[in-house]
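Contents: one structure, followed by commentary.
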2 protein chains.
Amino acid sequence: MSNPRYQQIAEDLRAQIETGSLKPGQQLRTEIELRDHYDASRNTVRDAIKWLMTLGLVETKPGQGTFVVQKIDPYITNLTDNPKVPTLYGEVEPSAAGKIEVEGKDRILESTEPQIEIQKASAPVASSLQVKEGSQVISRHQKRYIDETPWSMQTSFYPMGFVLKGADKLIQADDIEIGTVKYLADTLGLKQVGYRDWITVRAPDPNEATFFKLPPDGRVAVFEIFRIAYDQTGTPMRLTITIFPTDRNQFIVNVGQVPDDPVG
Amino acid sequence: MSNPRYQQIAEDLRAQIETGSLKPGQQLRTEIELRDHYDASRNTVRDAIKWLMTLGLVETKPGQGTFVVQKIDPYITNLTDNPKVPTLYGEVEPSAAGKIEVEGKDRILESTEPQIEIQKASAPVASSLQVKEGSQVISRHQKRYIDETPWSMQTSFYPMGFVLKGADKLIQADDIEIGTVKYLADTLGLKQVGYRDWITVRAPDPNEATFFKLPPDGRVAVFEIFRIAYDQTGTPMRLTITIFPTDRNQFIVNVGQVPDDPVG
DNA sequence: GGGTATTTGTCCGTATGTATT
DNA sequence: AAATACATACGGACAAATACC
């Protein structure tokens, strides 16, 4: 009938957090103090704290203490911005040292220089681009920061044929200042007329956890968003996979007629 | 330099899972066997298993053992379906015992009867519907199942004024067979011309964890999607909040011209 | 249905390591 | 360097859930 001891302790602390008795950023009592207060063992108190950690309510800092988590001011990305207008998401590759105003909040967006690889198409990449599995594709990878905190990891895949037909800049490790969308339109006549986003959530892999400074145990999940862009013939011209931590990112989708974004 | 013992053990098991040496659904060796195999204590082995659990790689069943998780065949929801067409998502309230073919897969969609409440608008509800905080709103809550497994929890909020102006069915605890979108158009002349979705991810609360049969420690997150629907004057006419577990749900967003969904 | 063996869950105590102040 | 606080690791005991006979 009754929950285990460590859950009871966790519930008690949780209540204090949710009523505001313990405020965001505030330090909890130490494990020893909590052990005495609840008349339990230190390990049981630690089990309670672990429970609150996977719920995302507290975080521990060795040598310092246990703290109520501060919610991060979220980054909001609109997935349905008109693709003719430069957007944050994938359409434009801003210069490696570029500065952009984000959400009207004077945030600074920075990107690493694209890391280019020629790869053999894995099964999901091949089926997305409608090329044969194992055929060559161009992979352009960038890491992005907002206000110097890691924001997203993005990899775009293009069929190798694009380069052979004249879009050489795709395999140069520089930003394409005008954006790849316009570049492909200019050089190959490929117009992007639409895209499909596919939104999933999963635990981060160790690479991602390190880059985003997430706890390595996977308790903070990441969005994995697949964007397949189509040209005027309905053929896939690009696959872009972007990873965003769920603790600091939210998305907006507009359909039909809606008032202007209230963001900012 | 070297990782702690329990992480090393976790990495070893993780490698076995990812190489397919341990297959989905397969039982791991018991904690006692693993303790002997790794020459560690049982608690250290358990820490390794906990690590793999929050990564979503294994699950434990008391009295039975530890198993590699089976990925659930995901439900895919299109957020940009034409709202004039009945869709799964919020536009139509199917009959409580209704059956619908989902994704061409003959899945059965069931909904509980709407649970109606008259509430005072909380701050987020009030600002979404552009009514005064504390003013009365109608809340219609439904739980939905696909193939008898819990799929989503949905709550729609409408301004109380709609009922006073003649849309009485909003406060009746029955399904509105023609759908609330058409009902409001017929009775009040309110045409839904668009909507905005706002996608967030967070840990489930205890209610949600129970309904979706998620582990209560919050290691499986939930999508929380806010949909604000607008009428022809650009005024919000509905706020719908839907909760989906992230372990069995994915979303599609189409922008511009894209080929038909390959789903199904 | 009952009893027993198996397996994971809870809880304790203790010792030592590591990060921070 | 010392003190503080969390992290890792061990060992043991009993409880609770499940499966099987």
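Letters A, B, ... mirror the listed sequences (proteins, then strands); counts begin at 1.
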Taking atom P of dT6(C) as reference, at what distance in whole Å does atom CZ of Phe67(B) sit?
-> 16 Å
Is a donor on one side and an acceptor on the other found under 3.5 Å between the side chain of Gln7(A) and the backbone of Pro4(A)?
-> no
dA1(D) - base-pair partner by Watson-Crick or wobble geometry, distances under 3.5 Å = none
Over how many whole Å does the gap from Gln27(B) atom CD to dA19(D) atom C1' extend?
-> 11 Å
Could you tell me whether the side chain of Arg46(B) has a donor or acceptor atom within less than 3.5 Å of a complementary atom in the base of dA9(D)?
-> no
Mapping Asp39(A) and Thr30(B) to their closest nucleotides on DNA chain C, which lands nearer the 5' end?
-> Thr30(B)
Rounded to the nearest angstrom, tell me the gap between atom CZ in Arg35(A) and atom P in dC6(D).
-> 12 Å
For Asp47(A) and dA7(D), what is the distance between atoms CG and P respectively, to the nearest whole Å?
-> 12 Å
Can you spot which of Arg144(B), Glu148(B), Lys143(B) makes a side-chain contact (heavy atoms from CB on, under 4.5 Å) with Glu110(B)?
-> Glu148(B)
Whole angstrom value for the distance that separates P of dC11(C) from CG of Asn3(A) | 10 Å
Looking at the side chain of Glu31(B), which of dC12(C), dG9(C), dC11(C) is the nearest nucleotide?
-> dG9(C)
Which whole-number value in Å describes the distance from Ile32(A) CD1 to dC12(C) P?
-> 13 Å
So, is Thr44(B) close to the dA9(D) phosphate, meaning a side-chain N or O under 4.0 Å from OP1 or OP2?
-> no
Residue-phosphate contact under 4.0 Å: Thr66(A) side-chain N/O, dC6(D) OP1/OP2 | yes
Minimum-distance nucleotide to Gln64(B) side chain [options: dC11(C), dA19(D), dG11(D)] | dA19(D)
State which of dT8(C), dA7(D), dC11(C) makes the closest approach to the side chain of Arg42(B).
-> dT8(C)
Closest nucleotide of DNA chain C for Pro62(A) versus for Gln7(A): which of these residues is on the 5' side?
-> Gln7(A)
Determine, stepwise, if the pair Glu18(A) / Arg14(A) fulfils salt bridge (Lys or Arg N to Asp or Glu O under 4.0 Å).
-> CA-CA 6 Å; Glu18(A) 285 174 359; Arg14(A) 179 193 188 133; 3.3 Å; yes
Between C1' of dT10(C) and NZ of Lys50(A), the distance in whole Å | 12 Å
Check Phe211(B), Trp151(B), Phe212(B), Tyr75(B) against Phe244(B) for a ring-ring contact (aromatic ring centres under 6.0 Å, His included) and give me the one that passes.
-> Trp151(B)
Verify side-chain hydrogen bond (donor to acceptor under 3.5 Å, both in side chains) between Gln8(B) and Asp12(B), making sure each step is shown before the conclusion.
-> CA-CA 6 Å; Gln8(B) 294 174 16; Asp12(B) 190 67; over 6 Å; no
Interatomic distance where CG belongs to Asn43(B) and C1' belongs to dT8(C) [whole Å] = 12 Å
